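Reading through the structure tokens given below for one structure.
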Amino acid sequence: MTQTENKPEVNDTPLVPIEKIVSLCKRRGFVYPNSEIYGGVSGIYDFGPMGVELRNNIRRYWWWSMVQNHDNVVGIEGAIITHPRVWEASGHVENFVDKLVDCKKCKRRFRIDHLEPENLEQHKCPVCGGELTTEPRVFNLLMETYLGVVEGDRMKTYLRGEACQDIYLDYDNVLKSSRVQVPFGICQIGKAFRNEVTPGNFLFRQREFEQWDLQFFVHPDEMQKWFDYWKEFRYQWYLSILNHKDRIRFREHAPDELAHYAKQAYDIEYQTILGWQEWEGIHWRQDWDLSRHSQYSGQDLSYTDPNTKERYIPWIVETSGGVDRTFLNLLLDAYEEEPDPAGKEPRTVLRLNPMLAPVKVAVLPLQKNKEELVTTAKDIHKKLQRLMVSQYDDVQNIGRRYRRQDEIGTPYCVTIDFQTLDDQTVTIRERDSMTQQRIAISELPMYLLEHVSFK
Ligand code: ATP
């Protein structure tokens with residue numbers, strides 16, 4: 001039913017089991033289960049010291065590419081709680097549902113849109129072969145909450161089920177306050193909440209997660225041009241941060257998957273141990289969202305072209321992806337256990353793109369009992385710290401310290417040795433190749449900045 005482009009070549013490196021990433025994330029402070037001391041909550045996670053750095057870098061790189069580097073794109077940050085009518089206008093109150101069937105034998109639950117056609121037709125459980133229930137049960141994914149304190153006067157509303165609705169709500173304010181003209185875009189990164197009935201696979205399907213969206217407003221005659229532009233731009237963006245460039249592809253939505261207003265839609269998919277899975281959607285939304293909000297709010301959201309005076313509701317190209325899926329996919333893409341030539345423990349290395357790595361440089365005195373080495377190393381670390389995330393480490397031998405940094409993806413380790421005291425040079429070790437070169441301390445900041453900045 002579906003059509004794919006950019007068919008991947010055959011992979012030569014094995015796909016990484018999710019359990020390896022879960023364990024690394026816990027061990028090295030990337031991700032922890034939320035409320036773990038109380039037994040945890042399914043589908044909700046916290047980010048630790050390394051995780052928050054990586055996440056911030058991922059977000060910043062997206063913002064840098066989408067907002068900072070496009071003259072016709074601006075950003076907003078909308079609220080998580082909105083007026084409840086928003087979710088009626090958007091169709092979520094009525095249609096934001098998952099349909100589930102249960103296996104009578106093993107009691108597992110399956111979303112019917114995730115079942116293979118033969119399992120669906122034969123009512124056969126894909127795991128144990130048992131019989132599936134025939135009538136799907138329907139669950140709305142919106143998370144309810146209440147505003148106000150007086151019982152009876154409290155207003156039921158929802159935590160936003162998708163972040164992008166705020167962009168439509170603020171569209172008119174942005175237009176009137178930012179000197180933008182169609183064609184232009186509004187970006188936002190923000191949390192979304194869904195009562196997922198089948199949360200799981202670590203960060204892949206959570207109940208609280210983060211999305212990034214662009215809504216790009218165009219004249220209807222220019223819709224195809226901008227749809228093609230953003231489709232390609234987003235694909236290249238993901239390529240720019242991946243090592244395994246053969247594990248990403250487009251999947252075009254089949255006609256029976258398309259919303260009634262959509263001429264076309266594509267998912268950008270990534271291949272992991274879970275198979276090919278959606279990472280981001282590129283959607284043709286026509287004038288659906290602004291028309292619905294005009295209709296439900298009674299406000300005119302049409303646009304008047306300042307030159308031609310033509311009045312119309314702009315059409316929208318949407319690109320909507322997940323910060324958490326990016327976080328997970330990048331870890332799966334970067335993780336490698338490299339055999340040790342001397343037959344010792346394999347080297348675990350995160351080959352993250354240096355511009356996204358949580359720590360950019362580790363500064364290591366060769367020995368911790370030599371005061372001059374320690375003082376020089378601390379001094380270098382203090383100077384670098386003002387420019388980028390730097391870690392000072394003098395615990396255990398230098399080999400172990402390199403390994404620790406490899407495991408969190410630090411692209412550069414700077415070692416201060418006895419020669420440093422004579423000639424003011426240090427060694428700089430590169431994570432992936434493990435090659436080392438000597439460099440003057442005075443050149444270090446510029447060298448590192450060049451290698452870790454967004455490009
Ligand atoms: P799926 O079919 O996997 O449920 P979706 O089509 O409902 O996803 P969208 O509503 O288009 O997803 O959301 C845009 C992006 O948000 C997705 O491409 C994905 O990266 C991310 N996303 C959606 N649901 C979740 C979730 N439960 N946990 C983590 N990320 C999610």
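Only this structure's heavy atoms are used, side chains among them; waters, hydrogens and symmetry mates stay out. Counting starts at 1 for both ligands and their atoms, in listed order. Note that the structure is predicted; figures quoted are calculated from it, not measured.
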Glu162 contact mode with ligand 1 (heavy-atom cut-off under 4.0 Å): neither
Mutual orientation of the aromatic rings belonging to Trp230 and His70 [parallel < 30°, tilted 30-60°, perpendicular > 60°]: tilted
Nearest protein heavy atom with distance in Å, relative to atom 21 (C) of ligand 1: Gly322 CA, 3.9 Å
NZ/NE/NH1/NH2 to OD/OE distance under 4.0 Å, Arg403 and Asp340: yes
Identity and distance of the protein heavy atom lying nearest atom 7 (O) of ligand 1: Arg194 NH1, 3.1 Å
Which segment of Arg111 sits under 4.0 Å of ligand 1 when only heavy atoms are counted: side chain
Which of the ligand 1 atoms, numbered from 1, are nearer than 4.0 Å to a heavy atom of Arg205: 1 (P), 3 (O), 4 (O), 26 (C), 27 (N), 28 (N)
For Glu280, atoms of ligand 1 separated by under 4.0 Å from a heavy atom: 18 (O)
Trace of the ring-ring contact (aromatic ring centres under 6.0 Å, His included) decision for Tyr238 with Tyr270: CA-CA 10 Å; Tyr238 284 111; Tyr270 186 66; 9.1 Å; no
His114, Gln206, Gln277: member with heavy atom nearest to atom 28 (N) of ligand 1: Gln206
Ring-face cation of Lys231 near Phe250 (centre distance under 6.0 Å, axis angle within 45°): yes
Parallel, tilted or perpendicular, as decided by the 30° and 60° cut-offs, for the rings of His253 and His283: perpendicular
Nearest neighbour in protein (non-hydrogen) for atom 17 (C) of ligand 1: Glu278 OE2, 3.4 Å
Parallel, tilted or perpendicular: ring planes of Phe227 versus Tyr266, cut at 30 and 60 degrees: tilted
For atom 19 (C) of ligand 1, the protein heavy atom that lies nearest, with its residue and separation: Arg325 NH1, 3.5 Å
Ligand 1-proximal atoms of Leu203, by part, heavy-atom distance under 4.0 Å: backbone
N/O donor-acceptor pair under 3.5 Å between Asn69 side chain and Trp64 backbone: yes
Glu196, any N or O under 3.5 Å of ligand 1 N or O: yes
Stacked cation flag Arg431 on Tyr412, 6.0 angstrom / 45 deg: no
Protein heavy atom at shortest distance from atom 29 (C) of ligand 1: Phe204 O, 3.2 Å
Parallel, tilted or perpendicular: ring planes of Phe217 versus Tyr171, cut at 30 and 60 degrees: tilted
Aromatic plane relationship, Tyr261 with Trp288 - under 30° parallel, 30 to 60° tilted, over 60° perpendicular: parallel
Minimum-distance protein heavy atom relative to atom 22 (N) of ligand 1: Phe209 CE1, 3.5 Å
For atom 13 (O) of ligand 1, closest protein heavy-atom neighbour: Gln211 NE2, 3.1 Å
Which residue and heavy atom of the protein sit nearest atom 20 (O) of ligand 1, plus the separation: Trp279 O, 2.9 Å
